[in-house]
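What follows is a short report on a single structure.
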Amino acid sequence: MKTTFGSQNIEVNPSGENFIAVVDGKAVNVQIIRAAHGWMDLLVDGQRVTAYVSSDMAKRWVTLNGGTMMLTKTSGAKQGVRHEHAGGLIAPMPGQIRSVAVSVGEAVKKGQTLLTMEAMKMEIRIQALRDGKVKSVYVSQGQTVEREQILIEMED
Amino acid sequence: MKTTFGSQNIEVNPSGENFIAVVDGKAVNVQIIRAAHGWMDLLVDGQRVTAYVSSDMAKRWVTLNGGTMMLTKTSGAKQGVRHEHAGGLIAPMPGQIRSVAVSVGEAVKKGQTLLTMEAMKMEIRIQALRDGKVKSVYVSQGQTVEREQILIEMED
Amino acid sequence: MFNKILIANRGEIAIRIMRACRELGIQTVAVYSEADKDSLHVQFADEAILLGEAAAKESYLNVEKLIRAALDTQADAIHPGYGFLSENASFAAAVESANLTFIGPSADSIRAMGDKAESKILMKKAGVPTVPGYEGLETYDDFQKAADEIGYPVLVKAAAGGGGKGMRVVHEGSELKEAIELAKREALNAFGDERLLVEKYLADAHHIEIQVFGDQHGNLIHLFERECSVQRRHQKIIEESPSPLLTPEIRARMGEAAVHAAKTVNYFNAGTVEFIFDPKTSQYYFLEMNTRLQVEHPVTELVTGLDLVRWQIRIAAGEEFPFQQEDIHQHGHAIECRVYAEDPANGFLPSTGKLLQFIQPYGPGVRVDSGFTLGSDVTHFYDPLLAKLIVHAENREAAIQRMQTALHDFVVHGVVTNIDFMRAVLTTDDFKQGHVSTRWVETTFNDWSPAKPDLHALIAAALADVIFISGKTQSAVANETDPFNPWKQTGSYRN
Amino acid sequence: MFNKILIANRGEIAIRIMRACRELGIQTVAVYSEADKDSLHVQFADEAILLGEAAAKESYLNVEKLIRAALDTQADAIHPGYGFLSENASFAAAVESANLTFIGPSADSIRAMGDKAESKILMKKAGVPTVPGYEGLETYDDFQKAADEIGYPVLVKAAAGGGGKGMRVVHEGSELKEAIELAKREALNAFGDERLLVEKYLADAHHIEIQVFGDQHGNLIHLFERECSVQRRHQKIIEESPSPLLTPEIRARMGEAAVHAAKTVNYFNAGTVEFIFDPKTSQYYFLEMNTRLQVEHPVTELVTGLDLVRWQIRIAAGEEFPFQQEDIHQHGHAIECRVYAEDPANGFLPSTGKLLQFIQPYGPGVRVDSGFTLGSDVTHFYDPLLAKLIVHAENREAAIQRMQTALHDFVVHGVVTNIDFMRAVLTTDDFKQGHVSTRWVETTFNDWSPAKPDLHALIAAALADVIFISGKTQSAVANETDPFNPWKQTGSYRN
């Protein structure tokens with residue numbers, strides 16, 4: 001399986017009971033000693049490596065030797081932001097509301113843009129995940145929002 | 001859903017967002033406050049009850065107010081003992097081997113009795129879970145075995 | 001003794017207080033906002049009362065709702081924790097008016113120490129050393145004269161508050177005017193009061209504070225010092241006791257000064273007298289008194305062997321504090337690291353998210369006071385303190401080694417934390433030698449950044465995809481179909 | 001100092017020792033049997049070496065394999081923990097012969113104290129009080145005369161060993177013959193040595209032991225006592241320090257006697273001198289010396305503030321123990337409860353299984369030394385000690401309250417434990433008042449049984465089926481298809 005984290009490519013494939021990881025054209029042998037619950041004990045070219053790994057969409061949190069790093073998967077993963085939460089559409093990151101395109105009670109189609117926000121110098125369109133009706137709108141133009149703040153609530 | 005633990009019958013059914021539990025003809029209202037990972041926070045007729053529950057075949061481990069109890073499900077569950085473990089057939093409880101009916105290399109059919117043991121004043125038959133061949137026999141007649149000790153190993 | 005206590009707080013301190021209550025056989029009532037309905041402190045309590053919306057003024061700062069919750073649940077007393085209403089004299093008075101016990105000092109003591117300018121004047125009168133400076137200045141001219149007299153650099157700061165708000169360092173006269181205006185505006189916003197005071201700015205000072213403790217029968221002693229000089233943005237992140245700086249003589253004098261300061265306002269229950277300490281002159285100056293339990297109280301508990309929260313409760317119930325000054329000794333060395341959801345490489349800005357991994361360290365001499373668990377949500381509504389990691393060992397060197405090991409074992413995924421940053425702090429020679437002033441972090445760690453992902457991290461991340469989630473891109477930990485998903489919530493608490 | 005230490009043990013004590021190594025910057029090597037390949041101590045170490053089959057003689061008791069493992073991994077030293085080879089003089093000698101350091105006393109000290117009869121003779125000579133009795137008896141006639149002289153009840157016990165094996169209480173002359181035969185047979189089986197000694201049986205005695213500690217430069221002091229009278233089947237389950245029974249004078253005298261006993265055999269490193277204490281007469285008698293770290297060492301660590309394992313390592317490396325007797329004080333009160341996988345309602349028989357739930361308590365003053373985690377297998381091959389729960393508080397009353405709360409919070413499913421039993425022990429007036437002799441458990445708790453499932457338990461169990469596993473009868477926790485199943489193992493360790 002080929003994956004890209006940031007600008008770094010890695011390919012991991014089974015090889016007998018072990019795995020071969022190829023990075024920058026260099027192959028390393030990886031043996032899994034044990035693995036459970038987001039935790040792995042490996043032998044990487046004979047060296048013992050203990051890692052905790054969690055995944056959240058394209059993000060990977062990895063802890064090695066007590067230090068934690070965050071990697072972002074830029075290929076091999078469906079891109080996108082998770083923006084449904086408890087029946088509401090939530091802000092994927094902190095930012096500012098640029099425009100709200102719908103109002104309470106309005107029927108919307110799957111994929112229709114409900115609002116746009118600006119964050120990290122990008123425009124983000126928040127779209128309906130399915131056909132439905134707008135139950136509540138919690139934000140207005142110009143408002144700054146926090147990550148995971150609920151923007152709009154839908155009913156089916 | 002009707003269940004029997006030991007000699008005690010209980011019926012639990014949904015009722016709106018809550019549940020009604022009926023024990024000895026008496027109905028109690030049960031509301032789930034939150035529940036996760038084998039742990040539940042309940043309101044039972046308005047009284048808060050926090051319980052940890054684990055299940056292992058017919059056994060239920062329940063911790064309430066710091067005290068742990070074991071219940072055994074005697075209905076509503078498929079009866080039987082778990083006796084496959086890491087490819088081997090293991091003793092469901094400590095006991096003594098009464099007879100070994102097969103030998104290494106012998107082909108056996110699913111359901112065929114491989115050995116009998118005596119434990120807790122009962123005779124227990126250890127049967128093949130599927131068609132296969134006996135790879136190893138680790139015990140002999142008269143031998144005492146511990147719980148979870150591997151008795152016979154099979155290959156498909 | 002009380003039958004039931006309402007804890008008017010959240011997070012680790014609410015749980016810390018509830019533990020003390022449980023040991024004493026006292027029932028506990030949690031309060032919570034809508035954002036906290038599944039928080040650990042709500043689960044930990046015997047009862048829990050919803051206060052209102054996430055915003056603190058609708059919930060944890062709402063005096064009326066808190067007192068009604070206490071009365072409705074038939075609680076006898078309210079423990080305010082730290083932060084929120086803990087240093088609010090009106091709250092303490094309102095609690096007493098409702099025939100409930102406020103677990104803390106009297107409203108009068110809180111009021112006397114609450115105003116930075118008033119308390120400084122009070123302390124000067126009582127002969128407690130204070131930082132050279134002036135209060136009650138009005139015109140720009142007044143400020144200018146005062147600053148010239150003190151000598152630059154000077155500090156202008158809000159009379160009404162603390163926590164670094166409305167505070168400006170002024171290095172030369174040309175900067176004074178703008179600094180005063182900015183500080184006034186911040187002070188007005190934060191405290192509704194634009195009064196400022198101006199004082200000598202001690203650049204390489206240490207922050208050393210003395211824990212005091214007293215009962216309602218006139219007994220008041222100190223429980224030695226805490227050194228709290230490792231700060232970022234004027235807020236403490238690492239505290240320890242004993243201070244690596246104090247001689248026994250200075251320690252004793254500072255202790256006496258703190259007891260004297262507290263007695264001046266008829267103090268009882270737990271309090272902390274903060275001093276600025278100049279290592280060059282060994283001079284110490286009264287900074288302010290915190291009229292409540294301090295975040296860093298555990299280092300004092302470990303070093304003195306006293307359970308401060310237990311004694312807070314017993315004293316509030318009218319018991320005598322049975323210890324004399326000579327009964328209290330410092331045993332070994334304790335260090336606390338505050339584990340925050342914040343990004344040290346990005347101005348220590350708070351980080352929010354769901355805790356995908358949360359493994360707390362264990363072991364001899366290791367204590368974790370935590371308010372979160374696997375699956376908890378860290379929101380932007382409140383202070384991003386995840387846990388306090390506290391170690392106790394024979395001496396400072398062993399305590400640092402123990403803390404390094406414990407930080408190594410603390411695994412948090414889902415939010416950025418300061419764990420790796422604190423590990424870096426503990427490896428420096430400055431820290432090991434105890435040469436850390438309150439400005440040390442900003443001058444030393446300005447360019448700090450965490451380790452970049454290396455080959456092993458890349459392999460672990462890629463391999464995890466293969467073996468744990470085999471091509472699925474959804475968060476595997478948060479698998480919604482897993483009945484034992486630790487944060488799958490069924491129903492919600494309506495109380 | 002050492003670069004690398006091999007820990008010739010398993011479970012909680014292996015992890016305890018590895019923690020000390022990590023704090024000192026020393027690499028660790030675990031050893032394990034096939035039954036332990038996924039054990040916590042294997043995961044915790046820097047390296048791990050498979051010794052062989054589950055049977056201890058093929059693994060943890062195999063001297064040759066252990067020394068080869070240490071040499072192969074270039075370890076400098078071996079820590080034996082407790083049990084297994086920790087009191088085996090030949091092992092200590094073999095370690096030294098291989099140019100490795102044995103972290104413990106000299107082989108000579110171990111040998112001198114290993115034989116119960118020989119060590120008793122040695123102590124008598126040195127003037128340490130011993131239980132009135134006779135050694136070196138041969139004919140039945142000898143035994144009969146000795147028993148008559150001492151006066152019934154008497155105790156016959158194996159000269160070569162301990163741990164309750166080959167031990168019989170004889171209440172009258174008519175029982176003597178059979179008791180001797182049974183004890184001889186047990187002693188022969190357990191120790192390969194049928195020699196017995198006979199001594200006065202003290203029915204209501206307490207077990208009080210003194211921790212001693214010394215270096216290789218002649219410094220040797222004691223670290224006060226541990227009271228270990230709560231026992232079942234001659235094995236300790238609850239220990240504490242200080243003893244609720246001792247006066248300062250008797251404490252000092254027992255401490256001196258213990259130091260004298262240890263010096264008689266040129267003792268260094270950690271050791272424990274066990275005494276029988278008669279509360280009626282306040283007389284104490286030497287019982288035996290354990291020439292190793294004790295299971296219950298944490299209570300001494302908490303009360304004295306010293307890290308015994310750290311000092312064991314430093315002393316083995318040749319350092320001086322820098323403390324004089326007057327430097328060591330007792331601070332507060334510590335209690336340890338041993339959490340065993342065993343059934344107190346069924347003769348304390350060991351219970352085996354997979355840990356379906358394993359929640360350890362947290363909190364101020366709470367320490368857990370654990371060798372297991374969620375998903376661990378508890379097998380019948382080794383001692384069923386799951387964890388040691390140790391608390392420290394200001395005084396005995398607060399420590400008991402703290403322990404009650406911590407036991408309440410300790411949740412173990414999958415094996416039967418003695419947690420509820422220990423909670424019951426802690427609620428008794430006898431325990432609260434410190435009136436517990438070594439026979440107290442068997443006389444008081446003979447009929448103890450855990451709480452029967454009540455209505456709430458029934459509801460919780462039935463509801464869990466509905467919401468967690470909806471009709472599935474397989475173990476839902478052990479769901480084999482869940483990639484984050486905590487005990488799904490992929491591959492195995494081949495090292």
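A, B, ... follow the sequence lines: proteins, then strands. Residue 1 opens every chain.
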- Between atom CG of C/Asp454 and atom CG of A/Leu64, what is the distance when rounded to the nearest 0.5 Å? 6.0 Å
- Might you point out which heavy atoms bring A/Val12 and C/Ala462 nearest each other, and give the distance in Å? CG2-CB, 3.7 Å
- Task: Would you name the heavy atoms of C/Ile467 and A/Ala35 that are closest together and state the gap between them?
- Result: CD1-CB, 3.7 Å
- Note on the structure: Bottom line for C/Asp409: the part with an atom under 4.5 Å from chain A's heavy atoms is neither
- Side-chain donor or acceptor of C/Asp420 paired with backbone N/O of A/Thr68 under 3.5 Å: yes
- Query: So, A/Arg60 and C/Asp465, do they make that salt bridge, N to O below 4.0 Å?
  - Reply: yes
- Where on C/His413 is there a heavy atom nearer than 4.5 Å to chain A: the side chain, the backbone, both, or neither? both
- Message: Any non-hydrogen side-chain atom of A/Trp61 less than 4.5 Å from a side-chain atom of C/Val416?
- Response: yes
- Option that, when pairs with chain A are counted at under 4.5 Å, heavy atom only, ranks first among C/Ile359, C/Thr417, C/Val411, C/Thr379: C/Val411
- Where is the tightest heavy-atom contact between A/Ser54 and C/Gln357, given as atom of each residue plus distance? OG-CB, 3.7 Å
- Item | Portion of C/Val412 that has a non-hydrogen atom of chain A nearer than 4.5 angstrom | backbone
- Closest heavy-atom pair, C/Ala461 versus A/Phe5, reported as atoms and distance to 0.1 Å, is CB-CZ, 3.6 Å
- Query: Got a sec: does the CG of C/Asn346 have more than 12 other heavy atoms crowding it under 6.0 Å?
  - Reply: yes
- Taking all non-hydrogen atoms of both residues into account, name the closest pair between C/Ala464 and A/Val53 and its distance. CB-CG1, 3.5 Å
- Tell me, side chain or backbone of A/Glu11 under 4.5 Å from chain C's heavy atoms, or both, or neither? neither
- dist C/Leu458:CG -> A/Ile10:CD1 (nearest 0.5 Å) comes out at 4.0 Å
- Query: Could you walk me through whether C/Val466 and A/Asn13 pass the side chain to side chain contact (heavy atoms under 4.5 Å, CB included) check?
  - Reply: CA-CA 9 Å; C/Val466 174; A/Asn13 291 308; over 6 Å; no
- Message: Taking CD in C/Glu397 as the centre, count heavy atoms belonging to other residues, nucleotides or ligands within less than 6.0 Å. Is the count above 12?
- Response: no
- Does the side chain of A/Val49 come within less than 4.5 Å of C/Ile459's, by heavy atoms? no
- If every non-hydrogen atom of C/Ala460 is compared with every non-hydrogen atom of A/Met40, which pair is closest and at what distance? O-CE, 3.2 Å
- Considering only heavy atoms, give the residues of residues 21-28 of chain A separated from chain C by less than 4.5 Å, sorted numerically, with 'none' for an empty result. A/Ala21, A/Val23, A/Val28
